[in-house]
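Before any comments, here is the structure.
Here, residue 1 is the first one in the sequence, and each next residue gets the next number. Reckoned from all heavy atoms, side chains included, excluding hydrogens, waters and symmetry mates.
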Amino acid sequence: MWINNQSFLDDFILLGFSDRPWLETPLFIIFLVAYIFSLFGNISIILVSHLDPQLDSPMYFFVSNLSLLDLCYTTSTIPQMLVNLWGPEKTISYGGCIAQLYIFLALGSTECILLAIMAFNCYAAICKPLHYPIIMNQRRCTHMAAGTWISGFANSLVQSTLTVVAPRCGQRVVDHFFCEVPALLKLACTDTSVNEAELNVLGALLLLVPLTLILGTYVFIAQAVMKIRSAESRWKAFNTCASHLLVVSMFYFTAISMYVQPPSSYSRDRGKIMALFYGIVTPTLNPFIYTLRNKDVKAALRRALTKEFWVKKR
């Protein structure tokens, strides 16, 4: 009995939207639909990218990595949110909270670096077309993707540790709908200025440095595109990177507004809205942004719906 009580006391209470109970049922439906769309969209892109030989290129290799990342991203938060929205209990175990914090941070960190690599891929395709097959060969792409995932999980280990070690003095009510750095640091009962400074430095490095590289890359891409005489070729070059630029805009600017600021200045409602945007909305929309703007992916999806496509795979 004591063990059960102690386990209960170690649980975190996720307030989420409990102060607005009338919102819980509509949000449950919205998040459930968003999760289904995220599963469908991201799994579809992963499958066609690996099964369709016409999508065997560095661009779609990285797009499939992004889809896998977004699939894990939504799975790390939405199921727990649905449970809390549906039932009266709003708890998550201590271990579950730490795991969610680590995985969510790891995937977010990985996406920061992956988007920068995808920008470099666009640069190589448009600015160095003759050298592109050499620059972005299969081995190098694999190494870059592996390095991205390893770096993201290593960064998360540091940031998660800095967050978890802050003493909470028994406080366990998290004013958020999942376990995230700013919300957990608000529970600390001691001065967290050192933790905040270290987290801000890591956040700035992981967010601002890749974003600077992406923006610099697009300056070179824009210069190269403007030199193209054919309007059709110029539009094709622009369309190659437009989807990526839209994804970068949605992800980076919401994440920066959350992580490159002192958690002490964290606004609960603003934080929840921003977290919803980059944690749920962006990963759900990403596959549709790439699909709707890309003729190759749409053609591959149409081929995948035919019987002949699967007969050839046998």
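- With sequence neighbours excluded, the residues that form a side chain to side chain donor-acceptor pair (under 3.5 Å) with Y132 are N121.
- Note on V83: it does not cluster hydrophobically with V173, by side-chain heavy-atom contacts below 4.5 Å among ILVMFWY residues.
- Qualifying side-chain contact (heavy atoms from CB on, under 4.5 Å) partners for S109, counting only residues two or more places apart in sequence or in other chains: N155, L206.
- Remark: Q223 CD to I126 CD1 distance equals 12.5 Å, nearest 0.5 Å.
- Partners of Y252 by side chain to side chain donor-acceptor pair (under 3.5 Å), not counting sequence neighbours: none found.
- N84 CG to I92 CD1: the interatomic distance, rounded to the nearest 0.5 Å, is 7.5 Å.
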Going by atom type alone, with no hydrogens or angles, which donor-acceptor pairs under 3.5 Å involve a side-chain atom of residues 214-222 and a protein atom two or more places apart or on another chain?
| residue | atom | partner | partner atom | Å |
| --- | --- | --- | --- | --- |
| T217 | OG1 | L213 | O | 2.7 |
| Y218 | OH | C241 | O | 3.3 |
| Y218 | OH | H244 | ND1 | 2.7 |

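- Listed for the K90 side chain is no donor-acceptor partner under 3.5 Å among the backbone atoms of I13.
- Minimum heavy-atom separation, E111 to D70: OE1-OD1, 3.3 Å.
- With a 4.5 Å cut-off on side-chain heavy atoms, F120 and I135 count as touching.
- Taking the side chain as every heavy atom from C-beta outward, H176 and L184 never approach each other to under 4.5 Å.
- Between K128 and Y123, some side-chain heavy-atom pair lies under the 4.5 Å cut-off.
- For the pair L69 and W149, the minimum side-chain heavy-atom distance is below 4.5 Å.
- Evaluation of the side-chain contact (heavy atoms from CB on, under 4.5 Å) rule for S64 yields S49, H50 as partners, not counting sequence neighbours.
- Scanning all heavy atoms of the two residues, the minimum distance from P283 to P287 falls at O-CD, 3.3 Å.
- Under the 4.5 Å side-chain criterion, counting only non-hydrogen atoms from C-beta, M118 is not in contact with V247.
- In this structure F40 satisfies the ring-ring contact (aromatic ring centres under 6.0 Å, His included) test with no other residue, sequence neighbours excluded.
- The line from CG of L107 to OH of Y102 is 9.5 Å long, rounded to the nearest 0.5 Å.
- Although no hydrogens or angles enter the test, the distance criterion places a donor-acceptor pair under 3.5 Å between the side chain of Q80 and the main chain of T91.
- Applying the side chain to side chain donor-acceptor pair (under 3.5 Å) test to Q100 and every residue at least two apart in sequence or in another chain returns nothing.
- For Q138, the side-chain contact (heavy atoms from CB on, under 4.5 Å) criterion is met by T142, not counting sequence neighbours.
- At distances below 3.5 Å, at least one donor-acceptor pair connects side-chain atoms of S76 with backbone N or O atoms of Y73.
- Side-chain contact check for T75 and Y35: at least one donor-acceptor pair (N or O, by modelled atom type) lies under 3.5 Å.
- Between the side chain of S156 and the backbone N or O of L105, no donor-acceptor pair lies under 3.5 Å.
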Pair up each side-chain donor or acceptor in residues 25-33 with any protein partner under 3.5 Å, not counting sequence neighbours, and list the distances.
none

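- The two residues T74 and L71 make their nearest non-hydrogen contact at OG1-O, 3.1 Å.
- The nearest pair of heavy atoms linking M250 to N286 is CE-OD1, 4.0 Å.
- The shortest heavy-atom contact between F12 and Q171 is CE2-O, 4.4 Å.
- Counting only distance, with no hydrogens or angles, the side chain of S38 and the backbone of A34 share no donor-acceptor pair below 3.5 Å.
- Both I280 and W86 sit in one connected hydrophobic cluster of ILVMFWY residues. Membership requires side-chain heavy atoms under 4.5 Å apart, directly or through other members.
- Pairs passing the ring-ring contact (aromatic ring centres under 6.0 Å, His included) check and including a residue from residues 188-212, sequence neighbours excluded, do not occur.
- Separating the CD1 atom in I78 from the CG atom in L85 is a distance of 10.5 Å, to the nearest 0.5 Å.
- Remark: D56 pairs with no residue by the side-chain contact (heavy atoms from CB on, under 4.5 Å) rule, at least two apart or across chains.
- Residues C141 and F61 come closest through the heavy atom pair O-CE2, 3.4 Å.
- No continuous path of hydrophobic side-chain contacts links L205 to L114 [ILVMFWY only; heavy atoms under 4.5 Å].
- Linking Ile, Leu, Val, Met, Phe, Trp and Tyr whenever their side-chain heavy atoms come within less than 4.5 Å puts L66 and I43 in one cluster.
- Distance check: T148 OG1 to N65 CG gives 8.0 Å after rounding to the nearest 0.5 Å.
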| said: Checking T77 against F104 for the side-chain contact (heavy atoms from CB on, under 4.5 Å) test, could you report, in this order, the C-alpha distance in whole Å, the side-chain angles of both residues, the deciding distance, and whether it holds? | reply: CA-CA 8 Å; T77 55; F104 189 80; 3.5 Å; yes
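- Applying the disulfide (SG to SG under 2.5 Å) test to pairs two or more places apart or on separate chains, those with a residue in residues 44-98 are C97-C179.
- With rounding to the nearest 0.5 Å, the separation of OG in S67 from CD1 in I46 is 5.5 Å.
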| Derivation of the side-chain contact (heavy atoms from CB on, under 4.5 Å) call for L14 and M81 | CA-CA 9 Å; L14 298 171; M81 289 168 57; over 6 Å; no
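- Note: the hydrophobic cluster containing V201 does not contain I113 (ILVMFWY, side chain heavy atoms under 4.5 Å, direct or indirect links).
- The shortest distance between side-chain heavy atoms of L211 and V248 falls below 4.5 Å.
- No donor-acceptor pair closer than 3.5 Å links the side chain of N42 to the backbone N or O of L39.
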